[in-house]
Each structure stands twice: as structure tokens, then as C-alpha cells.
Amino acid sequence: MINYIVKRLLLMIPVLLGVSLLVFTIMYFTPGDPAIIILGPSATQESIAQTKQELGLDKPFGERYLEYIGNAFLRFDLGKSFFTGRSVSDEVLIRLPYTLKLAGLAILCSLIIGIPAGATAAMNQNTWKDNATMFGALFFLSMPAFWFALVLVMIFSINLKLLPVVGIETWTGYILPVISMSVGGAAGIARQTRSSMLEVIRQDYVTTARAKGQKERLVVIGHILRNGLIPIVVVAGNSMGTMMGGALIAETIFSIPGMGSYMVNAISKRDYPVVQGGVLVIAVCFSLIMLLVDIVLAFVDPRIRAQFSSKKKKGSAAKWKAAA
Amino acid sequence: MKEAEKLLTINDLTVEFTSDREIIQAVNHVSLEIYKGETLGLVGETGAGKTTIAKSILRILPKPQGRTKSGSIIFDGADLLSISEHEMRKIRGNKISMIFQDPMSALNPVVSVGKQISEAIMLHQKLSKKETKELAIKMLEMVGIPGARYDEYPHQFSGGMKQRVIIAMALACRPELLLADEPTTALDVTIQAQVLEMMAKLKEELKTSMLLITHDLGIVAETCDKVAVIYAGEIIEYAGVEEIFDNPVHPYTLGLFGSLPSADGDKEKRLKPINGMMPNPARLPGGCKFAERCPHASEECRSNEIELADTGEGHLVRCMKCSLVKEAR
């Protein structure tokens with residue numbers, strides 16, 4: 001198991017190199033010149049050339065990229081913002097915890113709502129409970145998150161004045177952003193829980209458990225849900241990753257100083273180091289979450305665990321991930 | 001054996017399944033009895049309703065499709081079909097337990113075999129965790145699996161071993177009645193013999209009665225005291241095992257024996273399959289359900305409902321052409 005984790009961590013290096021090259025290239029070809037944006041429309045050719053030199057933008061592509069990854073991978077220095085001049089690494093360290101906290105709370109919320117909802121639907125298949133839950137899930141899944149966030153603000157903050165409109169100075173500030181982020185995830189997890197439980201529900205071993213005299217509730221938790229958990233964990237991991245990036249909507253609406261709002265501003269201003277650094281950090285988080293998902297899967301399913309110890313790389317974990 | 005106490009009495013059991021718009025009559029007016037220490041064989045082809053009878057006893061029919069429409073199942077003086085779910089849970093796995101057909105799928109793949117046995121013990125016996133584990137290990141050893149494999153998972157066992165685990169699980173609470181649903185069908189022949197021998201031994205030790213569901217007449221001859229032959233959800237012949245082998249009466253039972261190969265007999269003699277198919281349980285014909293495939297059938301077989309009649313010495317047959325069949329034999 002430890003061998004496996006080390007191997008996965010080492011595998012992250014080529015992945016991150018790939019991500020950085022991709023982002024660097026895309027930013028290079030994106031129209032818009034940071035020097036012009038900094039200096040404004042009235043700038044002269046000379047001052048633009050000078051600023052470009054200061055920012056290091058006059059060097060050829062290859063040299064700039066090698067210099068960038070050298071700094072990023074060997075010295076963990078992601079450069080400085082073109083506009084504020086502040087170190088991207090320092091800024092990320094301040095902002096990342098907000099995003100992680102939001103995404104973490106949102107995924108927790110999604111699981112707490114989604115799994116029981118999906119389980120209820122599956123256990124009452126084709127009854128009104130099932131239909132109502134699945135209608136609700138479809139409704140929340142197809143609703144734009146930003147619109148829902150605004151509706152929440154309108155109801156709870158402006159009309160009822162129960163919760164703050166923006167900011168996260170107190171814990172109550174987290175409520176609306178987390179809810180608005182988690183409904184989509186909860187709906188997705190509910191649907192996945194329902195379908196994977198329905199796959200298990202007619203298995204013989206569920207009948208075996210009932211035939212032992214086990215209580216229905218424990219049959220559901222210990223045998224049905226336990227076996228349907230693999231795709232649920234994979235979906236939850238994917239939504240956690242998506243939420244890391246998707247947090248920007250909630251962060252923008254609720255003025256939360258997280259990674260999302262940081263990067264959105266940077267993109268519109270062509271602040272290359274911030275965009276590149278932000279994407280790289282999110283890619284690291286995403287890879288770590290996927291690793292965590294695989295470790296959780298090994299705990300959930302002994303068959304996957306057996307594959308780890310026999311050091312086979314292709315296994316049902318990979319299969320499930322491909323399917324999801 | 002005759003003076004022994006009745007353990008289970010099924011009276012006029014009828015089970016229906018609802019699928020889409022059809023009602024499937026899986027079990028029709030089945031009555032049978034099991035005495036203490038006795039093994040009753042339930043014989044019939046696939047889809048005849050054998051498993052459904054066993055599942056009705058434990059009330060684990062698939063919901064909401066399956067339901068017992070009428071009848072009673074008396075066990076220990078109580079009707080299992082009318083007691084509360086709570087009472088029923090105390091009986092499941094404790095006084096009555098079941099061995100399932102397919103050992104490959106009857107064990108939970110993500111729970112260790114030891115824990116699955118312990119689960120059954122914990123539900124019905126007031127033992128400490130340590131005692132539970134000890135008993136589970138003892139059960140494993142009783143079915144010939146080293147106790148050290150307690151923490152292993154089903155995928156680490158072969159089919160025969162899994163069936164042993166299932167048997168250990170079913171017997172852990174020393175049930176009074178064991179429902180064995182084709183316990184050896186999924187196993188290869190050498191393992192079948194081992195498992196059967198072991199079951200017979202354990203049954204002897206624990207003085208358990210057994211309802212053995214099978215379509216293998218060899219197994220019936222070896223293990224059963226009485227036999228009920230099921231066709232299209234009805235009992236068509238019900239007698240002691242020797243009686244039914246020496247003296248089969250119903251054309252279907254005769255057909256079952258006719259489709260068995262024999263090694264010592266005439267090599268030229270071909271197997272005699274029973275022609276035709278079992279009637280669709282959603283649209284059962286009136287009268288004798290076997291009439292379509294029966295060489296002796298006549299108009300009156302198709303028009304009259306036929307009762308299970310005693311042909312003497314408790315040998316029950318559902319056929320109005322008994323005498324004719326006997327002559328033809």
C-alpha cells in the first residue's frame with residue numbers, strides 16, 4: 001500500500017509538468033498583452049517594450065517556460081503577480097484554505113444529503129418516494145448554480161435578513177455558499193447512490209443477510225450500501241475536484257477571497273503567473289483527491305486491496321473511474 | 001420416524017408474483033409436512049416454484065413483486081405468515097435457516113467470511129464479541145475450513161469452500177429446520193459428494209430437519225426420507241423416498257426417472273426426455289397442468305381440477321389416470 005502511494009505521488013510529477021506546459025502554452029497564444037493592460041490604452045510603444053522587458057515577456061517561449069518550471073518545481077516559487085507584485089505562492093497559501101474549506105464542506109453536505117436520499121429512492125423503487133427524490137435530484141442538477149445562489153441570497157439574506165449577504169467573517173457566512181455549491185453534488189450523488197444500490201439490491205447475498213434475520217436497516221447499510229459504495233466514492237471524489245474549480249461562482253457571488261475569484265480576475269487581466277500558479281495548485285489538489293479516492297476504495301473493497309498488494313496497476317478501481 | 005413430532009406444516013400455500021401486468025402463479029395450493037429430524041426432498045424442474053416455497057417459509061420473497069396469497073405455514077405452533085416482522089426476524093437464521101443455490105453470489109464480497117458467520121451468531125445469541133468469534137471459528141472448522149481463514153474474503157475461496165462457509169453460517173445457530181436450495185447444483189461432482197456427506201453428518205449431529213430442494217434424483221435417493229414432486233407450482237406426487245423410487249405413479253415422475261441415464265442398463269436404450277415445456281405460470285391451463293406433455297392425457301384431464309389423492313400408504317398423487325399409468329409402466 002505504501003509502495004503504491006509513493007508510486008502515485010511520483011506519477012503526479014509528469015502530470016503536473018503536462019498541466020503546466022498546457023496552461024503556459026494556452027496563455028502564450030491567448031490574445032491580449034499584459035503590458036498594454038497594465039499601462040492602459042494611452043501607453044507609448046517604448047514604455048510597452050520596457051514593461052515587457054521588466055516582466056520577462058520579451059524572451060522566447062521555450063526559455064520562459066523552462067525558467068518558469070525551474071522556479072516552480074525546484075524552488076516552489078510560482079513567480080509574482082504582474083499587477084500587485086505579490087508572490088503567487090504566498091497569495092495561494094492565504095486563499096487556498098478558503099476554497100478547500102468551501103469545497104470540503106460542500107462535498108460533506110452533498111454526501112450527507114445525497115446518500116440517504118438515494119438510498120430512500122432505491123429502497124422504495126417506483127413508488128412516490130422514489131419519484132419525488134429523483135425529480136428533486138433532476139431539478140437541482142439542471143438548475144444553474146449561480147442562479148440558485150442568487151435566489152438563496154434574495155430569500156435568506158435580503159428578505160428574511162437571517163444570513164449575511166457576502167463575506168465569511170462569521171460561520172453563518174459559510175451557510176449559503178456551501179448550500180449553493182452542494183445541491184448539484186448532492187443531486188449527482190443521490191442519483192449515483194440510487195442506481196448503484198439498485199444494482200446490488202437483488203443480489204443473492206442481500207437475501208442471505210435477510211435470511212440471517214438481520215434488521216432491514218442494517219441490511220441496507222451493511223450489505224447493500226456497502227457494496228454500492230465504490231461508484232459513489234468515485235463520483236464524490238470527482239465532484240470534490242470539480243468543486244475546487246467550481247467554487248469560483250460561489251466565491252464571486254459571496255465575495256470570498258478563495259482561489260476561484262483570484263484566478264478569474266487574473267484571467268481577465270492576463271496575469272500569467274497567477275493563472276499558471278493557480279491551475280497548477282488546483283491540479284495538485286485534484287491529483288491528491290483522486291489518490292485519496294483510490295485509498296478509500298481500497299478500504300471499502302477487499303478485492304481492490306488485494307490488487308494493491310499484488311502490485312497490479314490495472315484493476316477495478318481504474319475500471320470504475322473510467323466508467324464514471 | 002412416523003411417531004415423531006411435526007416441525008413444519010404448510011397448508012394450502014399459494015404464492016403470486018406480479019410482473020408488469022401479469023400475475024404469475026408460482027405456487028398453487030401446496031401442502032406439506034416436515035417431521036423432526038426428517039429430510040423432505042422437493043423435486044422439480046427449473047421454475048416449478050421450489051425456491052419460492054422455501055423463500056415463503058422465511059418470508060424473504062422479493063418485494064414488492066412476490067406475495068403469499070393464501071395458506072398458512074405452521075412452525076412451532078405459530079403461523080409464520082401472520083406473525084410480526086420482529087418475531088419473524090428472531091426465527092430467520094436462528095430456528096430456520098437457508099442455504100442458497102449459488103455459493104458464488106450468496107456471500108457478501110466485501111465482508112470477511114468470519115464476520116458474515118459472526119453476524120448470524122450475534123443476531124441470535126447473547127455472546128460476547130470474543131465468544132462470537134470463537135464460535136464462528138469453530139463453525140468454520142466444523143465444515144473443514146481452517147479457523148485461521150476467519151479474516152479472509154469470499155474472493156479468496158473456491159466455490160466448494162464458499163458453499164461450506166454458507167453451510168457454516170446457516171448452521172451457526174443450530175437451526176431446527178434447514179432449507180437447502182440446490183446446495184450442490186453449482187459445484188462440480190467431486191465437491192458435491194463432499195458437501196452432501198458433510199451436510200448429512202452435520203444434520204445428524206445437530207438433529208436438524210431439512211427441506212432439500214433439488215432436481216437431482218441421485219441426491220434425493222441418498223439423503224431424503226420423503227419426496228414431494230412439484231410441477232408448475234403444484235405438488236403432483238408426494239411419498240416416502242423408497243416408495244417413489246420403486247413405485248412412481250404420476251406420468252411426470254415417471255418421465256423424470258426416464259430421463260436419467262443408467263450405466264448398467266442397455267447401452268442401446270436412449271434417454272427419454274419429457275417432450276414439451278412447462279406451461280407459462282402466468283397463464284396456467286385448467287385441469288391437469290401436465291396434460292399438454294402427458295402421453296395418457298384425455299379430455300377429462302384438461303377439464304377437471306384434479307385433487308391430490310391417496311393411492312394407499314400415504315402415497316399422494318395428482319392424476320386421474322393412475323391405474324392406466326400403472327398398467328402402461
Side-chain angles (χ1 to χ4, degrees), chain A residues 121-131 196-233 296-310 312 315-317 319-320, chain B residues 51 54-55 57-65 85-113 115-125 151-156 162 165-166 169-170 172-173 175 178-179 181 186:
Chain A
M123 297 314 293
N124 299 286
Q125 194 194 1
N126 296 335
T127 63
W128 68 268
K129 281 184 194 169
D130 180 23
N131 294 336
S196 53
M197 276 180 71
L198 284 179
E199 243 167 66
V200 175
I201 220 164
R202 313 226 184 288
Q203 293 287 333
D204 287 346
Y205 53 80
V206 176
T207 315
T208 308
R210 289 208 179 97
K212 273 185 228 175
Q214 186 57 278
K215 290 191 187 78
E216 188 60 24
R217 200 171 56 88
L218 295 177
V219 171
V220 172
I221 297 172
H223 294 274
I224 302 178
L225 195 57
R226 182 84 199 273
N227 276 282
L229 216 51
I230 291 168
I232 301 173
V233 170
V296 171
L297 288 183
F299 269 102
V300 169
D301 194 330
R303 288 164 296 185
I304 296 175
R305 201 148 64 227
Q307 280 162 358
F308 281 159
S309 47
S310 64
K312 275 180 204 162
S316 36
K319 195 187 81 199
W320 277 112
Chain B
T51 305
K55 286 189 174 171
I57 297 173
L58 280 178
R59 284 188 11 201
I60 50 172
L61 288 169
K63 275 182 225 170
Q65 303 94 326
E85 182 63 24
H86 178 73
E87 291 291 315
M88 192 65 225
R89 270 208 308 271
K90 283 195 208 156
I91 290 174
R92 278 185 205 135
N94 187 21
K95 288 181 174 167
I96 306 178
S97 58
M98 187 157 171
I99 298 172
F100 292 90
Q101 188 170 355
D102 184 4
M104 300 302 169
S105 62
L107 288 173
N108 188 336
V110 302
V111 179
S112 75
V113 295
K115 285 229 177 75
Q116 293 191 56
I117 298 174
S118 297
E119 186 184 11
I121 298 169
M122 232 140 49
L123 282 166
H124 302 294
Q125 299 181 32
D151 285 316
E152 290 186 20
Y153 291 89
H155 68 268
Q156 291 160 293
K162 279 186 211 177
V165 171
I166 292 166
M169 199 158 78
C173 296
L178 185 63
L179 309 173
D181 184 1

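So you know, we letter chains A, B, ... as the sequences are listed, proteins then strands, and number each from 1.
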Chain A contact via [X] - which portion, at a heavy-atom distance below 4.5 Å:
X: Leu58(B); result: side chain
X: Lys55(B); result: side chain
X: Pro109(B); result: both
X: His124(B); result: side chain
X: Met122(B); result: neither

Just give me the residue among [options] that pairs up with chain B most often, heavy atom to heavy atom, under 4.5 Å.
options: Gln125(A), Gln214(A), Arg210(A); answer: Gln214(A)
options: Gln203(A), Arg226(A), Glu216(A); answer: Arg226(A)
options: Thr207(A), Val206(A), Leu229(A); answer: Thr207(A)
options: Gly222(A), Ala209(A), Gly213(A); answer: Gly213(A)

So do Pro154(B) and Val113(B) actually touch side chain to side chain, heavy atoms under 4.5 Å?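 Side-chain contact under 4.5 Å: yes.
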
Test item: Pro62(B) and Arg202(A) side chains (from C-beta on) under 4.5 Å apart, heavy atoms: no

Does a salt bridge link Glu85(B) with Lys215(A), judged by any charged N lying under 4.0 Å from a carboxylate O? no

Point-to-point distance, once rounded to the nearest 0.5 Å, from OG1 of Thr51(B) to CZ of Phe100(B):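 The OG1 atom of Thr51(B) sits 9.5 Å away from the CZ atom of Phe100(B).
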
Do any N or O atoms from the side chain of [X] and from the backbone of [Y] form a donor-acceptor pair under 3.5 angstrom?
X: Gln116(B); Y: Met169(B); result: no
X: Arg303(A); Y: Val110(B); result: no
X: Ser196(A); Y: Gly228(A); result: yes

Considering all heavy atoms of both residues, which atom of Pro103(B) and which atom of Lys162(B) are nearest to each other, and what is their separation?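 Distance-wise, the nearest heavy atoms are O-CD, 3.5 Å.
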
Do you know which of Ser97(B), Ser105(B), Gly93(B) has the most heavy-atom pairs under 4.5 Å to chain A?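 Top count of heavy-atom pairs under 4.5 Å with chain A: Ser105(B).
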
With a 4.5 angstrom heavy-atom cut-off, which part of Val300(A) approaches chain B: side chain, backbone, both or neither?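 Answer is backbone: N, CA, C or O of Val300(A) sit under 4.5 Å from chain B.
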
